[in-house]
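Every chain is numbered from 1, with letters handed out A, B, ... down the list of sequences. As the structure is a prediction and not an experimental result, all values here were calculated from the model.
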Amino acid sequence: MPELPEVEVSRQGIAPWLVGQTVTRVVVRNPRLRWPIPAEIQQLVGCPIASVQRRAKYLLLRSTLGTAILHLGMSGKLRVLPVGTPAEKHDHVDIELGNGQLLRLNDPRRFGALLWTSGDPLHHGLLATLGPEPLTDAFDGAYLHQRSRRKHSAIKPWLMDNHLVVGVGNIYANEALFAAGIDPRRAASALSPDECDRLVLEIKTVLERAIRQGGTTLRDFTRADGRPGYFVQELQVYGRAGEGCRRCGHPLESLRQGQRTTVFCPHCQR
DNA sequence: ATAATAACCTGAGGGC
DNA sequence: TGCCCTCAGGTTATTA
């Protein structure tokens, strides 16, 4: 389900319901996610949630005793529902709150994760080595150009490497490369400084627009209130292989890069 | 150290 | 209807 925009939309949707509320109960129906949900997650009970933050595609529910680290994987969804709402298939975890609401995690594929850390979550092993946030000034053309100098790999799969920059998944890597007019097969090291500037700009633009549209709903993403995201209407290439380029009309082509489907316009992207 | 790939898991959709 | 195949928004672990 989620790339950065979908996780940020989820964060914005759940935060008003969670912040300041005391956790009254944590119900774990199935602890078998990517890693087993640790028993320490019960330390949330009795604590008020101080903030709901996001780092990369991780959500951080911070309390006085520690932080719950939540990742939605490929198919995870968060909903805020009244306590007592019957659980359905793949509803693995509920975090019940003093206001009578609960935060419910549904994740059919169970690639997601719910972990606990009592220390600084940014120093947690999963978060410590991540690259910069794409929507901050730390991610700019000069940074991308410097990092790309002796990178022989193709630009598209490299953009999805969290050690370079976080939050750019398959949809938005395809969309940003189209917007920047760059062939996804180009070697990263072949990009000029101007091309790096352009690509960074388009990554920021597409992510910001997707957040404003409530994310991209393909099959199962919904916001915390169950509404879909509307960015799917603005997709230029993702999911459109064989259809006409919206800019030049040439049929879009697809190929596999690193076990992911790339879609691009061979005419507009050079 | 770097780069490709295999793996984790369920469900949907297409072809036969 | 059912079986088998491919594909899906992510990330880590393993292999070359």
Side-chain angles (χ1 to χ4, degrees), chain A residues 1-11 29-37 54-59 69-78 88-93 105-115 124-131 134 147-177 184-185 187-189 203 206-207 209-211 213-223 228-242 254-263:
Chain A
M1 169 283 276
E3 295 188 37
L4 186 145
E6 291 74 41
V7 177
E8 177 61 20
V9 166
S10 295
R11 189 194 70 76
R29 295 186 195 81
N30 184 356
R32 293 163 48 214
L33 300 184
R34 167 127 207 201
W35 297 281
I37 297 173
R54 179 187 59 74
R55 169 70 174 118
K57 296 170 190 167
Y58 295 93
L59 289 174
I69 301 175
L70 181 63
H71 197 289
L72 299 176
M74 207 76 139
S75 58
K77 274 179 305 211
L78 291 172
E88 298 179 7
K89 199 172 186 183
H90 307 306
D91 284 342
H92 305 312
V93 182
L105 171 66
N106 177 286
D107 184 7
R109 294 179 74 180
R110 291 190 279 116
F111 287 173
L114 178 59
L115 301 171
H124 187 277
L126 291 173
L127 307 194
T129 63
L130 294 173
R147 288 288 307 264
S148 69
R149 282 314 76 199
R150 53 186 183 75
K151 267 288 164 187
H152 190 61
S153 49
I155 182 64
K156 192 260 191 171
W158 188 52
L159 274 185
M160 297 167 66
D161 181 346
N162 285 331
H163 299 293
L164 172 70
V165 61
V166 302
V168 182
N170 200 32
I171 295 176
Y172 301 110
N174 280 306
E175 294 296 315
L177 283 164
R185 300 165 295 189
S189 59
I203 289 170
V206 72
L207 293 177
R209 284 178 51 209
I211 291 169
Q213 295 292 310
T216 299
T217 295
L218 294 179
R219 46 187 66 77
D220 56 6
F221 172 70
T222 61
R223 297 138 105 159
Y230 298 111
F231 193 74
V232 65
Q233 299 168 193
E234 299 191 28
L235 295 176
Q236 302 296 305
V237 289
Y238 181 89
R240 299 192 64 245
S254 70
L255 53 89
R256 298 286 284 182
Q257 289 182 300
Q259 304 186 271
R260 295 262 110 105
T261 298
T262 295
V263 186

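The nucleotide C:dG9 finds no pairing partner, because no Watson-Crick or G-U wobble arrangement with both distances shorter than 3.5 Å includes it. When both distances must be under 3.5 Å, the Watson-Crick or G-U wobble mate of B:dA1 does not exist. Across all strands shown, B:dC9 remains unpaired; no Watson-Crick or G-U wobble contact has both distances below 3.5 Å.
Atom CG in A:Asp161 sits roughly 11 Å away from atom C1' in B:dA3 (whole-Å rounding). As rounded to whole Å, 11 Å separates atom P of B:dG11 from atom NZ of A:Lys77. Going from atom NZ of A:Lys156 over to atom C1' of B:dA4 covers 15 Å, rounded to whole Å. The CZ-P distance, from A:Arg256 to B:dA4, rounds to 15 Å in whole Å. Taking atom NE2 of residue A:His71 and atom P of nucleotide C:dT12, one finds them 8 Å apart after rounding to whole Å. Taking atom CG on A:Leu59 and atom P on C:dG9, their separation rounds to 20 Å, with Å as the unit. In this structure, CG of A:Leu255 is placed 16 Å from C1' of C:dC7, rounded to the nearest angstrom.
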Test side chain to side chain contact (heavy atoms under 4.5 Å, CB included) applied to A:Glu175 and A:Val237, step by step: CA-CA 6 Å; A:Glu175 294 296 315; A:Val237 289; 3.3 Å; yes

Worked verdict on A:Thr261 versus A:Arg256 for side chain to side chain donor-acceptor pair (under 3.5 Å): CA-CA 5 Å; A:Thr261 298; A:Arg256 298 286 284 182; 3.0 Å; yes

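Annotation: of the two residues near DNA chain B, A:His152 and A:Arg260, the 5′-most nearest-nucleotide partner is A:His152. Comparing A:His163 and A:Arg109 along DNA chain C, the residue whose closest nucleotide (by nearest heavy atom) sits nearer the 5' end is A:Arg109.
Regarding contacts with the backbone of B:dG11, a side-chain N or O of A:His90 is found under 4.0 angstrom from either OP1 or OP2. Side-chain nitrogen and oxygen atoms of A:Arg150 include at least one within less than 4.0 Å of the OP1 or OP2 phosphate oxygen of B:dT2.
Across C:dC3 and B:dC9, the matching P atoms stand 22 Å from one another, rounded to whole Å. C:dC7 and B:dT5 have their P atoms separated by 15 Å, given to the nearest Å. Spacing of P atoms, C:dG9 relative to B:dA3, comes out at 23 Å, to the nearest Å.
Distances from the side chain of A:Glu3 to the nucleotides B:dA4, C:dG10, C:dA8 place C:dG10 closest. Side-chain proximity of A:Gln259 to B:dA6, C:dT11, B:dC8: nearest is B:dA6. When the nucleotides C:dA8, C:dT12, B:dT10 are ranked by their closest atom to the side chain of A:Thr261, C:dA8 comes out on top. The side chain of A:Lys151 lies closest to B:dA3 when the candidates are C:dT12, B:dA3, C:dG9. For A:Tyr238, counting side-chain heavy atoms from C-beta on, the closest listed nucleotide (C:dG9, C:dT12, B:dT10) is C:dG9. Which of B:dA6, C:dG10, C:dT12 sits closest to the side chain of A:Tyr58 comes down to C:dT12. Of the candidates B:dA4, C:dG10, B:dG11, B:dG11 carries the atom nearest the A:Pro108 side chain, counting heavy atoms from C-beta on. Taking every side-chain heavy atom of A:Phe221 into account, C:dG9 is the closest of B:dA6, B:dC8, C:dG9.
Across all strands, A:Arg32 comes closer than 4.0 Å to no nucleic acid atom at all (heavy-atom distances). Counting any heavy atom pair closer than 4.0 Å across all strands shown, A:Arg34 reaches a base atom. Looking at heavy-atom distances under 4.0 Å, A:Asn162 makes contact with sugar-phosphate atoms alone, never a base.
Taking 4.5 Å as the limit, every side-chain heavy atom of A:Glu88 sits out of range of all side-chain heavy atoms of A:Asn106. Looking only at side-chain heavy atoms (C-beta outward), A:Leu78 and A:Leu105 come within less than 4.5 Å of each other. You'll find the side chain of A:Thr262 reaches within 4.5 Å of the side chain of A:Leu255, heavy atoms only.
Shown here is A:Arg149, whose CZ atom has more than 12 heavy atoms of other residues, nucleotides or ligands within 6.0 Å.
Between A:Tyr58 and A:His71, the angle of the ring planes goes over 60°, which puts this pair in the perpendicular group of the 30/60° scheme.
The ring of A:Phe111 does not lie on top of the base of B:dC9; it is either too far (5.5 Å or more) or too tilted (30° or more).
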